[in-house]
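Protein chains get the first letters and strands the later ones, always in sequence-line order, with residue 1 at the start of each.
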Amino acid sequence: MPRWGMVIDLDKCFACQSCTAACRMENNTPVAGKQQANMGRAILWNEVLPFSEGDYPNVVETMIPRPCMHCDDPACVKVCPVQATYRNEEGTVLIDYERCIGCRFCTVACPFQARYFNWFTPEWPEALRAHLNPDREVAPRPKGVVEKCTFCVQRLRKAREAAQAEGRTFAATDYVPACVETCTGHARYFGDLDDPRSLVSQLAASPRAFRLQEEMGTKPKVYYLKEG
Amino acid sequence: MTATNSATRTRISRRDFIKLGAATAAAGAGLTALRPRQELEAPAAAPDERVVKTTCALCPSGCGLDVRVVNGKAVKVEGNPLHPLNQGVCCLKGQTSLEMLYSPERIQHPRLQTGKRGSGNWREIPWEQALDILAERLSKLREAGKPHTLALMHGELRGQMRQAVNRFMRAYGSPNVISNASLGEGAARLALWLSQGINQLPVYDINNANYVMSFGGNLLESSRNVIGYLGATAFMRRGRPERGKLVAAHPRLSITGVKADEWLPIRPGTYGALALGMANVIINSGLYDESFVRDFTFGFEDFADGKGNPHQGFKSLVLGSYTLERTSAITGIPTDIIARVAGEFATNRPAIAILPTEAGELSSGNALYTALAVHALNALVGSIDARGGVIVQRFPELAPWPAYSLDSIARSGEMVERLDGAGTQFPLAASVYQNVPDRILAEEPYPLDTLILLNANPLYDIPSRGRCAKALMKVPFVVSFGPTLDESAAHADLILPASTFLEVWGDDYLEGTGYAGISLRRPVVEPVHDTRDPGDVLIELAHRVGGTLSEAFPWETYKDLVLDRLSRLDREKLEANGNWSELVYFNAAPGSRAWSDVLGRDRLNAPKDGRFDFFSRELFALLGDGPDLACLPHFEVPSELADSTAGALEYPFLLVTQPLLTESQQWQGIIPTLQECYGLQGSVKWESWVEVGQKAAYALGLENGDRVWVESQIDRVQAVVRVRAGLWPNAVFLPPGQGHRTLVRWGRGAGNNLVVGANPNALVEFGSEPLSGLAVSGPRRVRLTRV
């Protein structure tokens, strides 16, 4: 059973936000519009977060692309009063939208602000519904539930189905999430962290590797490689 | 959440659930959660799903795309892994192109303005009628012997369309094909022609470079080949044993600066001085490529011409005029940093000095000589068509265009002066986009009768305090191919809505890779609306006007034209891979036979002797007995930089703009996800922001989130303040691309006719450089006042 994880090389990430857009188009997150976006309610599972330190001319800016960290010891799962959010046997943290009661404990508990609440029923101008991804896992979520990055579970399912249809065993390299596929700097790596031969597990052991807010003890499965 | 996953997750009984205290807080919702799971119904029939390969047209890169089409609807875009340029990746513009394809803001049928121009009284008409109206007008104009009073202004044209448009206008009898290149890439192209003697844009082999010096902030954000350069920069850093270094000189810490190894904050408009200062250090220290400079360049040392007249060379000019101290005073970069960077540049070869190709970057009134100065650095370190240097785009050999004869009317058109003054008022220019409104208003050199706008929105690009709108109103008949009701299309008489790139046939050269190759564009879906490809419309018009025009376009459709031109390529490979390419680049050895293709090929008056011109013999031939300085890269201080003038006191800030990756020239304001990703560095969505330096903000009492007017001498626009550490102290930054009107309510609380952000072009009085006709748009002075 793979334990899915991701590595993002910040030396090759150019903050182009292709991951952000690819994620939206793959996972049908709705357009927020100006008013809601200004209230911080734009749903972008895979945002790039800017940080700035120092004064002119000694300024250091850092751009951190931030998917869900799919923690091995996730804070969100612990606080969910209805077990709507859970960590599956492959280590991916998912949400059962039918079970979610919209209490938003998890959005507060998540140290990475990776969770988004549907304040309203998702709306698109009718014409734009044509491009929505028809995969069943990403059907637009109802009002009042929390959603977030799923490592593109629909792609995993389709990859498994394809492997089965072709009569071969599913391999961990058969699937990547949409953000990994589209990454313009080829900065993202995805795979099985438990497989010592996998690229992700080797990169995660690199001296350049670090995780965000490791001190929180949630054991994130998204690793970053530092710049320079 | 899914059928697969829910089967394996922890079961929870009703009793367990009630034990969880939170149920009391959400009893009602809890009941919903306990509803028996609705079994996901299997779809009635397997969906018709396929992947169509095509080529993107949203920026000049032209990446290969794999579009997932389910039941006739395009639902996801990926990069084509078999495409040599993007190699499977896709930027956010490509990703969100489906929002463009299905946008409710697209114009769905041809339209005729029935009221006063610009009044918005439109009547939808069938294509037959629209084509009749235009064809009749063009025929009459031609019969009246005034074909030259037709002009066509265009933006980026792809593949064969460039030549098709020129062919159309030439056969019709008008010299007025006016591209918007003078706003952006014109300077880089001219620099290459005047020094290296090839009429092309530079291509940079970043993959193999050890030191990349980016003048301007566009390299990783909005350069013409941005996706290729992103991949190459990643490769330069982590794809090979030795990590190359990237340095960005820009007044603002743009994303290129953030991601570079070093950011050099530089005074706006002074790139040329920095390049010459670096050249000074490199020459002074003897670090330049001596054998290359000796054998393959011209005008490095002082020399005497055929008549025995002495001339100044690059070396003595640079050593005499661009000392470290002077360069530092002009650019504001400390001497030790200039010296170090110059030393690193010269000793970490292969090194490249990169020219910006985007609007606003070089447009400080010294674009031509700045571009020459920057490109001269490449020659100093021998990076001309060398591995890891500046390479030259190769083009595949396509089937020749069929010959056609020009009748007397068409020939008369070739003799007429161009509307924009290119070639006459501006001898070096190919076209002078920003000069058009004033020439139309002044009826120089003749009154215009019909104006066609193809992929161009001059009213947005060069509003010029309303003069552009006046000029459009003055032209008796304006036709727009606008796919949406942009500012210019709103002032047209007739709109022939263009299809999006996802609905049409076409092609793109693999520009930016160096490889000779072609990328094929194919319809991904049936046209969503009653729109047509401008290529098809031109061919149809040619047939209707008849005569020479009809002879020049012996094809039924634009698809026929493209496939005819590509008929010599391996069609099978082209279809299967979405592109055809030689996938190999051979650097020409200096002095070899191939060398003449990369050095001197397109020279007109200068000798094609395989030498790089520090002293431009092309300019010398043009200017005759002018001063030597006019033929050498040098630096002219933009007048706006003088701090002591009265204007400087009243308008203390220099306006800097720089295109962003999240900006889509034609579609901004219409692609909602681009708006939601728009201002990464300003954390701004659906809005324009103005960056103000820390000290200036403190002095003015401005804080993040304040709304201010950014005011120049000609106009003012509103934006929200972002206090920024990474900005030249007396500069303010206003991103371009915003300020369009949207016609759809996007999300809650959005009013109709919402104008998203502000257009910085409104603040600029556009001028033109005397020789080259390149746009002068910055640095402009502005002031900030609270709203």
> Quick one: which of A/Arg24, A/His186, A/Arg129 has the most heavy-atom pairs under 4.5 Å with chain B, could you say?
A/Arg24
> Do B/Leu680 and A/Val48 pass the side-chain contact (heavy atoms from CB on, under 4.5 Å) test, and can you show the C-alpha distance, the side-chain angles, and the key distance before you say yes or no?
CA-CA 8 Å; B/Leu680 177 61; A/Val48 180; 4.0 Å; yes
> Output the option from A/Ala32, A/Gly185, A/Ala42 having the highest count of non-hydrogen pairs under 4.5 Å with chain B.
A/Ala32
> Kindly determine whether A/Asp9 and B/Arg238 satisfy side-chain contact (heavy atoms from CB on, under 4.5 Å), including the steps that lead there.
CA-CA 9 Å; A/Asp9 188 341; B/Arg238 290 288 162 192; 3.7 Å; yes
> Where on A/Glu47 is there a heavy atom nearer than 4.5 Å to chain B: the side chain, the backbone, both, or neither?
side chain
> If we define contacts as heavy-atom pairs under 4.5 Å, which of B/Gly747, B/Gly72, B/Cys90 has the most with chain A?
B/Cys90
> So that I can tick it off, tell me whether B/Lys695 and A/Asp55 are bridged by a salt bridge, with the cut-off set at under 4.0 angstrom between side-chain N and carboxylate O.
no
> What closest approach, in Å, do B/Trp746 and A/Pro125 show between heavy atoms, and which atom pair accounts for it?
CZ3-CG, 3.4 Å
> Under 4.5 Å from any heavy atom of chain A, what part of B/Val70 do you find: side chain, backbone, both or neither?
side chain
> Under a 4.5 Å heavy-atom cutoff, which of A/Gly102, A/Pro134, A/Ala187 has the most pairs with chain B?
A/Pro134
> Is A/Thr20 close to chain B through its backbone or its side chain, or both, or neither, when contacts mean heavy atoms under 4.5 Å?
side chain
> So, for A/Gly33 and B/Trp686, which heavy atoms are closest and what is the spacing to 0.1 Å?
C-NE1, 3.5 Å
> Would you compute the distance between atom CD1 of B/Ile255 and atom CE of A/Met63 and round it to the nearest 0.5 angstrom?
5.0 Å
> Between B/Glu676, B/Lys685, B/Lys76, B/Arg237, which residue shows the highest count of heavy-atom pairs closer than 4.5 Å to chain A?
B/Glu676
> Select one option (side chain, backbone, both, neither) describing which atoms of B/Ser103 are under 4.5 Å from chain A's heavy atoms.
backbone
> Using a strict threshold of under 4.0 Å (side-chain N to carboxylate O), is an ion pair present between B/Glu78 and A/Arg155?
yes
> Which heavy-atom pair separates B/Tyr102 from A/Leu128 by the least distance, and what is that distance?
O-CD2, 3.6 Å
> Look at the side chain of A/Ser18 and the backbone N and O of B/Leu92, then say whether any donor-acceptor pair between them is shorter than 3.5 Å.
yes
> Contact part of B/Trp728 toward chain A, heavy-atom cut-off under 4.5 Å: side chain, backbone, both or neither?
both
> Where do B/Glu99 and A/His131 land on the side-chain contact (heavy atoms from CB on, under 4.5 Å) test, with the steps shown first?
CA-CA 7 Å; B/Glu99 292 185 334; A/His131 76 68; 3.6 Å; yes
> What is the minimum heavy-atom distance between B/Gln694 and A/Gly54, and which atoms define it?
NE2-O, 3.9 Å
> How about CD on A/Glu53, more than 12 heavy atoms from neighbouring residues, nucleotides or ligands closer than 6.0 Å, or not?
no
> Please indicate whether B/Tyr698 has more than 12 foreign heavy atoms, meaning atoms of other residues, nucleotides or ligands, lying under 6.0 Å from its OH.
no
> When heavy-atom pairs shorter than 4.5 Å are enumerated against chain A, which of B/Thr673, B/Val684, B/Val528, B/Leu661 gives the highest number?
B/Thr673
> List the atom of B/Ile227, the atom of A/Thr184, and the distance in Å for their closest heavy-atom pair.
CD1-CG2, 3.8 Å
> Please determine if B/Arg724 and A/Glu61 form a salt bridge, counting it only when a charged side-chain N lies under 4.0 Å from a carboxylate O.
yes
> Can you tell me which portion of A/Cys103 sits under 4.5 Å from chain B's heavy atoms? Options are side chain, backbone, both or neither.
neither
> Checking A/Arg208 against chain B: side chain, backbone, both or neither under 4.5 Å from a heavy atom?
side chain
> When you look at B/Leu219 and A/Phe14, which way does the side-chain contact (heavy atoms from CB on, under 4.5 Å) test go after all the steps?
CA-CA 11 Å; B/Leu219 178 65; A/Phe14 298 112; over 6 Å; no
> Which answer fits A/Glu181, side chain, backbone, both or neither, if we ask what part of it has an atom under 4.5 Å from a heavy atom of chain B?
both
> Is atom CD of A/Gln113 surrounded by more than 12 heavy atoms (other residues, nucleotides or ligands) closer than 6.0 Å?
no
> Do B/Gln681 and A/Pro50 make a side-chain contact, defined as non-hydrogen atoms from C-beta onward lying under 4.5 Å apart?
no
> Quick one: pull up SG in A/Cys16 and NZ in B/Lys93 and give me the separation to the nearest 0.5 Å.
11.0 Å
> Select one option (side chain, backbone, both, neither) describing which atoms of B/Gln675 are under 4.5 Å from chain A's heavy atoms.
neither
> Identify which part of A/Asn58 has an atom lying under 4.5 Å from any heavy atom of chain B, answering side chain, backbone, both or neither.
neither
> Which heavy atom of A/Asp11 sits nearest a heavy atom of B/Arg243, and at what distance?
OD1-NH2, 2.6 Å
> Tell me which of these, B/Pro729, B/Gly79, B/Gly88, has more heavy-atom pairs under 4.5 Å with chain A than the rest.
B/Pro729
> Would you mind telling me which of B/Thr662, B/Thr233, B/Leu101, B/Asp261 has the largest number of heavy-atom pairs within less than 4.5 Å of chain A?
B/Thr233
> Go through the atoms of A/Pro30 and report whether side chain, backbone, both or neither lie under 4.5 Å from a heavy atom of chain B.
backbone
> Is A/Leu44 in contact with chain B via its backbone, its side chain, both, or neither, using a 4.5 Å heavy-atom distance?
side chain
> Can you establish whether the number of heavy atoms outside B/Lys245 located under 6.0 Å from its atom NZ is more than 12?
yes
> Is a side-chain N or O of B/Lys259 found less than 3.5 angstrom from the main chain of A/Cys13, in a donor-acceptor match?
yes
> Atom CD of residue position A/Gln164 - does it have more than 12 heavy atoms of other residues, nucleotides or ligands inside 6.0 Å?
no
> Between B/Leu727, B/Val756, B/Leu98, B/Leu230, which residue shows the highest count of heavy-atom pairs closer than 4.5 Å to chain A?
B/Leu230
> Under 4.5 Å, counting heavy-atom pairs only, tell me which of A/Gln36, A/Glu123, A/Gln35 racks up the most with chain B.
A/Gln35
> In terms of heavy-atom proximity below 4.5 Å to chain B, should A/Pro57 be classed as side chain, backbone, both, or neither?
both
> Can you confirm whether the side chains of A/Thr182 and B/Gln95 place a donor and an acceptor under 3.5 Å from each other?
yes
